[in-house]
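These notes are about the structure you will find just below.
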Amino acid sequence: MADRSAPGGTLAAYRALLGAQARSQAAYRTSFVVDLVGNVGATVSDVLTVLVLFGVTRVLGGFDVREAMVIVGLSACSFAIADLLVGNIERIPRYVRTGLLDAVLVRPLGALPQLLLMDLPLRKVSRAVFGLTVLLVALGAADIDWTPARVALAVVAPLAGVVFFGAVFVASATVSFFWVESGELANAVTYGGRDFTAYPVTIYDGWFRSVFAYGLGFAFVAYQPALALLGRPDPLGLPAWTGWAAPGVAVAAAGVATLAWRFGIRHYRSTGS
């Protein structure tokens with residue numbers, strides 16, 4: 001047996017968990033393919049909703065359809081990949097309620113990586129591929145003056161969005177350590193945040209925009225990077241450098257999520273089952 005106290009042994013254990021999940025989910029191939037196809041629907045619906053709006057208006061929040069699709073692409077790509085990699089952490093209320101989390105905590109492996117790999121939803125790969133495709137098409141169709149800096153941003157911004165959404169998933173899930181029935185609250189932040197980022201923040205107003213866009217940082221997933229890619233000044237008057245701030249915001253969000261997770265684990269009390 002591999003020594004799991006060593007880095008190589010730990011990685012081998014994680015690979016074994018991932019391999020077991022892949023084999024179990026792909027065992028019934030027809031069912032797996034149907035799941036792959038069916039899971040694209042949610043992301044397709046998000047994109048089509050925005051396109052339908054442009055069927056009745058030429059401008060949405062000051063952005064034309066090509067510019068808005070860059071925002072949609074960044075949002076869809078970031079959320080779909082984060083949902084694939086981290087989204088199953090939203091099952092933690094069930095783990096806490098049934099006592100499965102207790103079994104996870106006594107194993108000589110990190111609790112969070114175990115939880116993420118235990119139910120990794122490989123069927124959501126199709127969403128991630130579709131989201132990336134939407135982004136690439138949107139970037140190609142938009143009138144972007146490509147520079148080395150913008151090429152780098154086009155690569156880094158979606159990755160920052162993945163980290164940001166992943167942090168939101170983890171941070172919201174930690175509420176379950178103190179309030180087991182917190183699933184709807186977590187969904188309001190995670191899936192509500194996905195819907196929020198799919199549109200220019202200029203369509204929102206007042207405290208709602210202030211809280212979600214800049215208080216919680218959702219404006220830095222798609223809206224601000226899109227402004228920098230398109231070379232547009234911010235209609236809300238923020239300085240140009242904010243369009244390049246997505247990586248920093250993502251790192252800050254990951255730091256907050258890490259602290260929240262550690263706090264929750266330290267204060268978790270076993271179900272006794």
Side-chain angles (χ1 to χ4, degrees), residues 1-27 32 35 39 77-129 131 158-178 180 182-183 186-187 189-191 193-194 247 249-271 273:
M1 181 179 293
D3 179 10
R4 292 182 184 174
S5 64
T10 300
L11 290 175
Y14 289 143
R15 284 198 298 269
L17 281 172
L18 179 59
Q21 280 299 309
R23 288 190 296 273
S24 66
Q25 293 181 40
F32 183 65
D35 278 346
N39 265 273
C77 179
S78 298
F79 185 86
I81 296 176
D83 192 27
L84 167 66
L85 299 177
V86 189
N88 63 316
I89 196 66
E90 66 186 3
R91 296 186 180 187
I92 200 168
R94 178 166 63 87
Y95 299 157
V96 171
R97 188 164 46 245
T98 61
L100 179 60
L101 183 61
D102 296 1
V104 170
L105 292 176
V106 299
R107 295 171 184 165
L109 295 170
L112 183 58
Q114 286 188 77
L115 292 171
L116 297 181
L117 291 173
M118 277 170 49
D119 292 306
L120 190 68
L122 297 178
R123 63 188 180 279
K124 293 183 180 179
V125 167
S126 54
R127 286 191 197 181
V129 172
L159 297 177
V162 171
V163 173
F164 182 88
F165 274 125
V168 172
F169 271 114
V170 172
S172 59
T174 59
V175 179
S176 300
F177 291 127
F178 309 98
V180 177
S182 62
N187 288 343
V189 178
T190 53
Y191 295 96
R194 175 201 62 186
V249 173
V251 169
V256 171
T258 299
L259 293 175
W261 178 260
R262 290 177 177 175
F263 181 80
I265 287 290
R266 284 199 303 268
H267 290 78
Y268 170 69
R269 297 295 178 263
S270 171
T271 60
S273 58

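Since we're looking at a predicted model, the values are computed, not measured.
The side chain to side chain contact (heavy atoms under 4.5 Å, CB included) test applied to V168 returns F164, V189, T190, F218, not counting sequence neighbours. Residues meeting the side chain to side chain contact (heavy atoms under 4.5 Å, CB included) test with L84, sequence neighbours left out: K124, V125, A128. Applying the side chain to side chain contact (heavy atoms under 4.5 Å, CB included) criterion to L259, with sequence neighbours excluded, gives no partner residue. With sequence neighbours left out, F79 forms a ring pair (Phe, Tyr, Trp, His ring centres under 6.0 Å) with F165, F169, Y191.
Among all heavy-atom pairs drawn from P158 and S78, the shortest one is O-OG, 3.3 Å. When all heavy atoms are compared, the tightest approach of G110 to P113 is O-CD, 3.4 Å. Of all heavy-atom pairs between S176 and P93, the closest is OG-CG, 3.1 Å. A82 and G166 make their closest contact through CB-N, 3.9 Å (heavy atoms, listed as atom of the first residue, atom of the second, distance). For the pair A167 and A253, the tightest heavy-atom approach, listed with the atom from each and the gap, is CB-O, 3.4 Å.
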Worked verdict on F177 versus I265 for side chain to side chain contact (heavy atoms under 4.5 Å, CB included): CA-CA 8 Å; F177 291 127; I265 287 290; 3.7 Å; yes

The test is side chain to side chain contact (heavy atoms under 4.5 Å, CB included); show your working for Y95 and V104 and say whether it passes. CA-CA 9 Å; Y95 299 157; V104 170; over 6 Å; no

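Taking CZ of R194 as the start and CG of D83 as the end, the distance is 8.0 Å to the nearest 0.5 Å.
Across L100, V86, I89, N88, a single residue satisfies side-chain contact (heavy atoms from CB on, under 4.5 Å) together with L115, and that is I89.
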